[in-house]
2 protein chains.
Amino acid sequence: MTARTRRPARPVPTDELGQLLFDVFAQDCPSRHALENVTGRWGLLALVALRDGTARFNALRRRVDGVSEKMLAQTLRTLERDGFIHRAAQPTIPPRVDYTLTPLGRETADQLFALIQQIEGRMPAVLLAQSQYDER
Amino acid sequence: MTARTRRPARPVPTDELGQLLFDVFAQDCPSRHALENVTGRWGLLALVALRDGTARFNALRRRVDGVSEKMLAQTLRTLERDGFIHRAAQPTIPPRVDYTLTPLGRETADQLFALIQQIEGRMPAVLLAQSQYDER
DNA sequence: CAGTATCCATTTGGATACTG
DNA sequence: CAGTATCCAAATGGATACTG
């Protein structure tokens, strides 16, 4: 990844007490990256799918309609790295890997689920707005 | 945008009563698209920025650090089309355009804000998980 | 000020083939 | 089964220039 140069990169901001601030509006702030992983196209669906309990790789792949092996593997690795999911690989043949939410992951997945519920419930309004916008 | 052909595209699903179902796990379901616009890199930040009240184009651009004119314009248009924000253009010179959240947009922005708060509050845990993952 | 248009670099993502 | 590796197509996104 190359550095962006549009603006002089801010240092990670600290407040008067010298504590780290995680301002998601600031470019390159760690919270922005974490948030993007979690709200990203596949991260969001994977986390919410895991609210139902442990799942194996191919089960997740079937649940999250349209994800490729590559992207699911990549997504799960990032979520594991950030501490949202736990990966348990049995050294058997054939291999078996179980993915589960960590406590942090569950908190986040619950937030995401609330968001999804809200959007799904309001879809009629969204579709209406779209058709009104389009006839012009 | 070309059609994806990985699987035969499902029809938009209906339940036994013939009502539309908005299952975000299903590829090409309208709720998935709406959700992606709202949780996308810039859509999320634009919506949350507008919780503070009406803002003009360049004010938003300054608030959402790192967004280009092109992407902000594109993002705002999509959010307007989906009914999350309202765009009020004064036909003056110089032009002045005010963006505000619709009631739907406010509900959604509040959900997103809760998510951001949760993630920002847990960033120490995320950074710890990352460093533990990386030393291996 | 609030955009649009164009061009180009980077990134994302999918299909396919392969491995332990 | 659970991936990785490779290759290539498509989407994303930024810099720049321009307009009413």
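Order of the sequence lines sets the chain letters (A, B, ...), proteins ahead of strands, with each chain counted from 1. Note that these values count all heavy atoms, side chains included, but never hydrogens, waters or copies made by symmetry.
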Would you list the pairs meeting side-chain hydrogen bond (donor to acceptor under 3.5 Å, both in side chains) in which at least one residue belongs to residues 83-92 of chain A, sequence neighbours left out? R87(A)-Y99(A)
Are [X] and [Y] close enough that some pair of their side-chain heavy atoms sits under 4.5 Å apart?
X       : Y       : value
L127(A) : P30(B)  : yes
F22(B)  : P124(A) : yes
L60(B)  : V67(B)  : no

Which listed nucleotide ([options]) is nearest to the side chain of [X]?
X      : options                 : result
R56(A) : dA2(D), dC1(C), dT4(D)  : dA2(D)
R41(A) : dG13(C), dC1(D), dT4(C) : dG13(C)
A73(A) : dG3(C), dG13(C), dT4(D) : dT4(D)
V97(A) : dA2(D), dG14(C), dC1(C) : dA2(D)

Are the charged groups of [X] and [Y] less than 4.0 angstrom apart, N to O?
X       : Y      : value
D134(B) : R81(A) : yes
R63(B)  : D65(B) : no
R32(A)  : D28(A) : no

R87(A) or K70(A): which one's nearest nucleotide on DNA chain D is closer to the 5' end? R87(A)
[atom1] of [X] versus [atom2] of [N]: gap in Å, rounded?
X      : N       : atom1 : atom2 : answer
E69(B) : dG14(D) : CD    : C1'   : 11 Å
L72(B) : dA2(C)  : CG    : P     : 11 Å
F57(A) : dG20(C) : CZ    : P     : 18 Å
L60(B) : dC1(C)  : CG    : P     : 14 Å
Q74(B) : dG3(C)  : CD    : C1'   : 13 Å
M71(B) : dG3(C)  : CE    : P     : 15 Å
H33(B) : dA11(D) : NE2   : P     : 13 Å
N58(A) : dG3(D)  : CG    : P     : 9 Å

Would you say [N] has OP1 or OP2 under 4.0 Å from some side-chain N or O of [X]?
X      : N      : result
R62(A) : dC1(D) : no
Y99(A) : dG3(D) : yes
R61(B) : dA2(C) : no

Judged by atom type as modelled, is there a donor-acceptor pair below 3.5 Å linking the side chain of T100(B) to the main-chain atoms of T54(B)? no
For F84(B), is there any backbone N or O sitting under 3.5 Å from a side-chain donor or acceptor partner on D82(B)? no
Distance to the ring centre below 6.0 angstrom and angle to the axis at most 45 degrees; does that hold for R136(A) and Y133(A)? yes
Stem finding on DNA chain D, please: runs of three or more consecutive Watson-Crick or G-U wobble pairs, both distances under 3.5 Å, sorted by first number. C:1-20 with D:1-20
Using a cut-off of strictly less than 4.0 Å between a heavy atom of the residue and any atom of DNA chain D, enumerate the qualifying residues of residues 88-95 of chain A by number. P94(A), P95(A)
